[in-house]
Amino acid sequence: MKYHQINSALFIKNRRKFTAEMKPNSVAVFNSNDIYPVSADSTLPFAQHRDIFYLSGVDQEESILLLFPDAPYENQKEILFLKETNDHIAVWEGEKLSKERAFQVSGIRTVYWLQDFHKVLNEMMTYADTMYINTNEHYRATVETETREARFVKWWKERYPAHNVAKSNPILQRIRSVKESEEIDLIQQACDITEKGFRRLLSFVKPNVTEYEIEAELVHEFIRNRSKGFAYTPIIASGNNANVLHYIENNQQCKAGDLILLDVAAEYANYSSDMTRTIPVSGRYSERQKAVYNAVLKVKNEATKMLAPGTLWKQYHIEVGKIMTSELLGLGLIDKADVQNENPEWPAYKKYFMHGTSHHMGLDTHDYGLLHEPMKANMVFTVEPGIYIPEEKFGIRLEDNVVVQEKGEPFNLMRNIPIEVDEIESLMNQ
C-alpha cells in the first residue's frame with residue numbers, strides 16, 4: 001500500500017464499538033471484496049470492502065474477519081482468515097500478509113489461513129445462537145453484481161438454517177458515521193492531497209487545454225503524495241458540460257471565457273475527500289459568472305453553519321432551499337410568482353439547484369449514516385450547493401468537507417483550499 005501504516009489501536013476501538021452492540025452469544029462475519037475480472041486474464045485494481053477494513057485494517061483480497069465476543073475461549077473472540085502466502089505468490093504478486101504482520105496491522109492475535117475457515121466456523125456455530133450477516137443497505141446502493149459477501153450469506157443460510165439472523169449494517173451505519181480522531185486525521189490527509197492537486201491546476205489551466213489533461217495533472221499530484229488516485233470518478237466539466245451533474249467524459253477542450261467545474265478529490269488509506277471548485281479558463285470570471293459564483297458561495301457558507309448536533313438532514317435541506325431561493329431571486333433566475341406558485345414537492349429553486357446539499361463522507365465518498373437520525377459531533381459531511389444555468393452555458397458548484405463539532409461551527413477540512421474569487425484569480429494570474 002502507498003499509505004503509511006495506520007495504528008492498530010483505531011481498528012481495536014472500532015471492533016469494540018461493533019461488538020458492544022451485538023446480541024448475546026452471536027457471531028459476525030465480514031468478507032473482503034472480490035478482484036473483479038475485465039476480460040481474458042485482466043482484472044480491475046483491487047479495492048477493499050470498507051467494512052472489513054474499518055474493523056481490521058486488512059487491505060487484502062480473500063480475507064475474512066470473524067467476531068464472537070461471547071466465545072467460550074479467548075482466542076475465538078476475534079479471528080482473521082487470510083490467503084496463505086508462499087514463494088510462488090511472493091515472486092508473482094508480492095508477499096501477502098503473514099500472521100505476524102496481520103497482527104501488527106489489526107491487533108488480532110488469532111490468525112488462520114483461509115482453508116481453515118469452514119472448519120473453524122462450524123465450531124463457532126455450535127456455540128452461537130445468532131449470526132450477523134453484512135448486507136448492503138446504503139440508501140444510494142444499487143448492486144447488480146453478486147459480491148463475495150452475498151455469496152457467503154447465501155451459502156451460510158443454506159448450511160446453518162436453524163440459527164437466528166441479525167443485520168450488521170444498522171450497527172455499522174451508526175458507528176461508522178461518527179468518526180474517531182484518527183479517522184478525521186486520515187480524511188484531513190486526503191483533503192491536503194486534494195489541495196496540492198488543485199493548486200497545481202491553477203497555474204496549469206489556460207484556454208484550449210483539454211479536460212483530460214487537467215485530469216492527468218491531478219492524478220500525477222495525488223499519486224506522488226501516497227494516494228491511490230481519485231476517491232471517485234472525476235468530473236472535469238468545462239462550459240455547458242457543467243450542467244450534466246455526473247459528467248465524466250472529460251474529453252473536451254476548455255475554451256476562453258468558459259468556466260470549469262471540477263468535482264475531483266484524492267483518497268488516502270481508503271478514506272475519501274470530496275471537493276468541488278469552479279474556475280475560469282481564462283483566469284478571470286465575468287461579472288455575471290462572479291455574481292452567480294458568490295451566490296453559491298454564500299449558500300455554502302450559510303448551509304455549513306447549520307450542520308450541528310441535533311440537526312435533522314431532511315429539515316436542513318429545506319432550510320438550505322430557502323437560502324438558495326433568496327439568491328436565485330437576486331440573480332433574476334426566478335421571480336416571486338415562481339415561488340408563490342411552486343410545487344412543494346419540487347420547489348422553484350430546484351430548476352437551478354436539483355441535488356442535495358450534504359452527504360456523509362468517510363471511508364466511502366457517500367459514507368454510512370442514517371439520515372432519519374439527528375446529526376452528531378464528529379460526523380463528516382460535504383457541503384455542496386450549486387447553480388446550473390444551461391441557457392447561459394455554465395454551472396457553478398462549490399464543495400467543502402466539514403466535521404460537525406459539539407459546540408460552534410463545523411470544522412472545515414478544506415479551509416486551506418482556495419475558494420474566494422479574488423484568491424483564485426490571483427493564483428491563476430501570477
Side-chain angles (χ1 to χ4, degrees), residues 14 18 22 26-68 79-84 89 93 96-97 112-122 124-125 128 130-177 228-233 246 248 267 270 272 359-360 362-370:
N14 291 345
F18 184 88
M22 292 174 67
S26 60
V27 170
V29 171
F30 302 90
N31 286 272
S32 64
N33 275 335
D34 284 315
I35 297 178
Y36 290 99
V38 177
S39 180
D41 65 343
S42 300
T43 61
L44 295 173
F46 176 68
Q48 183 59 295
H49 195 299
R50 299 306 192 243
D51 291 335
I52 191 172
F53 182 82
Y54 174 80
L55 294 166
S56 73
V58 171
D59 203 351
Q60 180 176 294
E61 74 280 7
E62 296 184 53
S63 306
I64 302 175
L65 171 65
L66 185 151
L67 299 176
F68 189 5
I79 307 175
L80 272 176
F81 299 88
L82 303 175
K83 181 178 182 178
E84 184 173 7
I89 290 173
E93 301 177 25
K96 302 298 179 183
L97 287 172
Y112 291 106
W113 298 131
L114 197 59
Q115 59 261 32
D116 293 324
F117 174 68
H118 288 156
K119 179 181 71 176
V120 175
L121 179 65
N122 189 62
M124 299 302 104
M125 288 293 95
T130 301
M131 166 65 91
Y132 277 84
I133 58 174
N134 193 28
T135 50
N136 187 344
E137 298 177 21
H138 192 276
Y139 68 102
R140 289 176 178 251
T142 48
V143 182
E144 296 183 3
T145 303
E146 187 176 50
T147 64
R148 191 178 190 89
E149 198 80 83
R151 292 197 305 275
F152 168 76
V153 169
K154 184 189 296 183
W155 170 85
W156 180 85
K157 283 183 174 180
E158 291 176 354
R159 179 69 177 80
Y160 301 100
H163 284 73
N164 299 318
V165 178
K167 299 192 300 181
S168 295
N169 191 261
I171 300 174
L172 289 165
Q173 291 266 15
R174 288 188 174 91
I175 65 174
R176 269 186 53 181
S177 65
K228 282 188 293 190
F230 292 103
Y232 51 88
T233 305
H246 290 133
I248 56 172
E267 70 82 53
N270 291 315
S272 294
H359 58 76
H360 288 270
L363 277 168
D364 288 296
T365 305
H366 298 120
D367 205 28
Y368 283 2
L370 297 170

What closest approach, in Å, do [X] and [Y] show between heavy atoms, and which atom pair accounts for it?
X: Y54; Y: I175; result: OH-O, 3.3 Å
X: N164; Y: W156; result: O-CH2, 4.0 Å
X: V27; Y: M22; result: C-CE, 3.8 Å
X: H360; Y: L370; result: NE2-N, 4.5 Å

If you define the side chain from C-beta out and look only at heavy atoms, does anything of [X] sit under 4.5 Å from [Y]?
X: M124; Y: L66; answer: yes
X: V38; Y: L44; answer: yes
X: F152; Y: I64; answer: no
X: M125; Y: M131; answer: yes
X: F81; Y: L121; answer: no
X: N136; Y: E149; answer: no

All side chain to side chain contact (heavy atoms under 4.5 Å, CB included) counterparts of D59, not counting sequence neighbours:
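For D59 the side chain to side chain contact (heavy atoms under 4.5 Å, CB included) partners, ignoring immediate neighbours, are M1, Y3, F46, Q48, F53, N270.
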Report the distance from atom [atom1] of [X] to atom [atom2] of [Y], rounding to the nearest 0.5 Å.
X: D364; Y: H49; atom1: CG; atom2: NE2; value: 8.5 Å
X: L80; Y: L97; atom1: CG; atom2: CG; value: 8.5 Å
X: D51; Y: L65; atom1: CG; atom2: CG; value: 10.5 Å
X: L363; Y: R176; atom1: CG; atom2: CZ; value: 5.0 Å
X: L172; Y: N14; atom1: CG; atom2: CG; value: 9.5 Å
X: E62; Y: I35; atom1: CD; atom2: CD1; value: 7.0 Å

The salt bridge (charged side-chain N to carboxylate O under 4.0 Å, His left out) partners of K157 (sequence neighbours excluded) come to none
Exercise for the section: Would you kindly say whether S63 and S32 are connected by a side-chain donor-acceptor distance under 3.5 Å? Expected result: no
Has the side chain of [X] got a donor or acceptor atom that lies under 3.5 Å from a matching backbone atom of [Y]?
X: H138; Y: H366; value: yes
X: Q173; Y: G369; value: yes
X: H359; Y: T365; value: yes
X: N134; Y: S168; value: no

inquiry  = Quick one, S26 with T130, criterion side chain to side chain donor-acceptor pair (under 3.5 Å). Give me CA distance, side-chain angles, the key distance, then yes/no.
reply    = CA-CA 5 Å; S26 60; T130 301; 5.8 Å; no
- Is the F30 to F18 ring centre distance short of 6.0 Å? yes
- What pairs of residues pass the salt bridge (charged side-chain N to carboxylate O under 4.0 Å, His left out) test when at least one of them lies in residues 132-146, not counting sequence neighbours?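 Every salt bridge (charged side-chain N to carboxylate O under 4.0 Å, His left out) pair that includes a residue of residues 132-146, provided the two are not neighbours, is E137-K167, E146-K154.
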Charged N to carboxylate O under 4.0 angstrom, R50 versus D367?
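Judged by the 4.0 Å cut-off on N to carboxylate O distance, R50 and D367 do not form a salt bridge.
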With under 30° as parallel and over 60° as perpendicular, where do the rings of W155 and Y160 fit, or are they tilted in between?
->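 Correct class here is perpendicular.
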Determine whether T145 and Y36 satisfy the following criterion, side-chain contact (heavy atoms from CB on, under 4.5 Å), listing intermediate values before the conclusion. CA-CA 10 Å; T145 303; Y36 290 99; 3.7 Å; yes
